[in-house]
Amino acid sequence: QVQLVESGGGSVQAGGSLRLSCAASGYTGNSACMGWFRQAPGKEREGVAVIYAGGSTYYADSAKGRFTISQDNAKNTLYLQMNSLKPEDTAMYYCAVDVSSTRRRCQNARVADFNYWGQGTQVTVSS
């Protein structure tokens with residue numbers, strides 16, 4: 001049974017930082033694509049950043065230069081370090097995994113590709 005549990009959300013002022021964590025269990029990561037997604041009220045869920053097999057990383061344009069995705073295999077934990085936060089980053093953030101992916105599939109990841117999702121953690125950025 002794959003389980004993903006996010007933590008680390010909260011409220012910050014614009015320009016601040018947060019680090020999200022996602023504790024994962026129930027699968028092996030040899031070909032897994034793990035990612036962070038977000039969904040703001042009234043908007044579709046969108047990809048923020050993904051990491052393939054604990055190595056290659058890919059970012060949405062909105063995240064490049066500000067967010068960093070990383071994975072600690074020993075702790076089976078995925079992270080998203082978010083710096084220089086903006087009010088438009090306000091959303092529910094979700095961790096997700098596509099347990100049988102490829103590098104190309106992960107690089108072009110879509111919401112529908114991901115088999116398992118966490119419950120989400122709220123990030124609110126005030127101006």
Side-chain angles (χ1 to χ4, degrees):
Q1 181 78 12
V2 177
Q3 288 191 323
L4 303 171
V5 180
E6 302 100 332
S7 61
S11 297
V12 296
Q13 291 191 326
S17 298
L18 284 173
R19 188 175 83 155
L20 306 184
S21 299
C22 173
S25 61
Y27 74 97
T28 58
N30 294 337
S31 61
C33 178
M34 292 200 76
W36 288 99
F37 294 78
R38 66 186 183 187
Q39 188 167 19
K43 295 188 176 181
E44 293 186 355
R45 191 168 297 190
E46 62 178 7
V48 176
V50 295
I51 183 167
Y52 176 68
S56 301
T57 58
Y58 307 97
Y59 296 90
D61 288 343
S62 60
K64 289 178 182 176
R66 300 189 300 127
F67 296 180
T68 302
I69 189 171
S70 61
Q71 189 172 352
D72 184 332
N73 290 327
K75 295 182 180 179
N76 292 327
T77 301
L78 181 73
Y79 301 100
L80 184 69
Q81 177 67 44
M82 304 188 294
N83 299 327
S84 302
L85 283 161
K86 304 175 181 179
E88 51 263 45
D89 295 318
T90 295
M92 185 71 78
Y93 283 71
Y94 298 90
C95 168
V97 63
D98 175 3
V99 297
S100 182
S101 186
T102 64
R103 188 185 308 276
R104 177 169 292 183
R105 176 181 165 102
C106 190
Q107 183 177 9
N108 298 292
R110 304 167 302 161
V111 171
D113 293 336
F114 289 77
N115 320 88
Y116 301 97
W117 294 82
Q119 81 288 351
T121 186
Q122 178 67 37
V123 171
T124 302
V125 184
S126 58
S127 58

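Position 1 is the first residue of the sequence, and the numbers go up from there. None of these values were measured; they are calculated from a predicted model.
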Inter-residue atom distance [X].[atom1] - [Y].[atom2], 0.5 Å rounding:
| X | Y | atom1 | atom2 | answer |
| --- | --- | --- | --- | --- |
| C22 | Y94 | SG | OH | 13.0 Å |
| C33 | Q107 | SG | CD | 10.0 Å |
| F37 | R45 | CZ | CZ | 8.5 Å |
| R19 | T68 | CZ | OG1 | 11.5 Å |
| S21 | L78 | OG | CG | 8.5 Å |
| S127 | K86 | OG | NZ | 13.5 Å |

Heavy-atom closest pair, residues [X] and [Y]:
| X | Y | result |
| --- | --- | --- |
| V50 | C106 | CG2-O, 3.4 Å |
| A49 | L80 | CB-CD1, 4.3 Å |
| G47 | A60 | O-CB, 3.4 Å |
| A14 | P87 | CB-CD, 4.1 Å |
| S17 | Q81 | CB-NE2, 4.0 Å |
| K43 | Q39 | O-NE2, 3.1 Å |

In one Ile/Leu/Val/Met/Phe/Trp/Tyr side-chain cluster, 4.5 Å: [X], [Y]:
| X | Y | value |
| --- | --- | --- |
| Y58 | V97 | no |
| Y93 | I69 | yes |
| V111 | Y59 | no |
| F114 | I51 | no |
| V99 | L4 | yes |

So do the side chains of [X] and [Y] get within less than 4.5 Å of each other, counting heavy atoms only?
| X | Y | value |
| --- | --- | --- |
| M82 | D89 | no |
| E46 | R38 | yes |
| T121 | L20 | yes |
| Y116 | M34 | no |

message = Is it true that, when you exclude Q119 itself, more than 12 heavy atoms of the residues, nucleotides or ligands shown sit nearer than 6.0 Å to its CD?
response =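 Atom CD in Q119 is packed in, count exceeds 12.
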
key: N/O donor-acceptor pair under 3.5 Å between S31 side chain and S100 backbone   =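 Flag not set: sc S31 to bb S100 has no pair under 3.5 Å.
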
request  = May I ask you to say whether D61 pairs ionically with K64, meaning some side-chain N is under 4.0 Å from a carboxylate O?
outcome  =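 So D61 pairs with K64 through a salt bridge.
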
query = Given the rule in the side chain to side chain contact (heavy atoms under 4.5 Å, CB included) test, do L18 and V123 qualify, once you have shown the distances and angles that lead to the verdict?
reply = CA-CA 9 Å; L18 284 173; V123 171; 3.9 Å; yes

message = For W36 and F67, I'd like to know if the aromatic rings sit close, meaning centre-to-centre distance below 6.0 Å.
response =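 Between F67 and W36, which both carry aromatic rings, the centre distance is not below 6.0 Å.
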
